[in-house]
Asks: 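For reference, the structure I am asking about is given below.
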Amino acid sequence: MRYRAEFAYVEGELGRGERLPLMRLRYGGSAHRWGTAIYVASTNSYEDQIWFSRSTEEAFDLVCDLHVRPTTP
């Protein structure tokens, strides 16, 4: 995780130290209010998720399902 102004950028670390951007959190004024934005690789940017109204932990679970889903043989 890295911080810049009111944003916290969440990244996953893959093998050999490669980093995968996952999401961006925006501080909303309290420990329980965060805006979420999911990283979109096709545009190399973060897309605000105004429709997502669940907890930060659930947002992280969603992002991991989208970006870090295990492959099956």
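All values derive from a computational prediction rather than experimental measurement.
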Asks: Show the atom names and distances, to 0.1 Å, of all donor-acceptor pairs under 3.5 Å that link a side chain in residues 40-47 to residues at least two apart or in another chain.
Replies:
| unit_1 | atom_1 | unit_2 | atom_2 | d |
| --- | --- | --- | --- | --- |
| Thr43 | OG1 | Val40 | O | 3.4 |
| Thr43 | OG1 | Ser45 | OG | 2.8 |
| Asn44 | OD1 | Tyr39 | OH | 2.6 |

Asks: Show every donor-acceptor pair shorter than 3.5 Å between a side-chain atom in residues 8-24 and any protein atom, with sequence neighbours excluded, or say none if there are none.
Replies:
| unit_1 | atom_1 | unit_2 | atom_2 | d |
| --- | --- | --- | --- | --- |
| Arg24 | NH2 | Asp48 | OD1 | 3.0 |

Asks: Please collect all salt bridge (Lys or Arg N to Asp or Glu O under 4.0 Å) contacts where either partner lies in residues 35-44, sequence neighbours excluded, each pair once.
Replies: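 The answer is none; no pair qualifies.
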
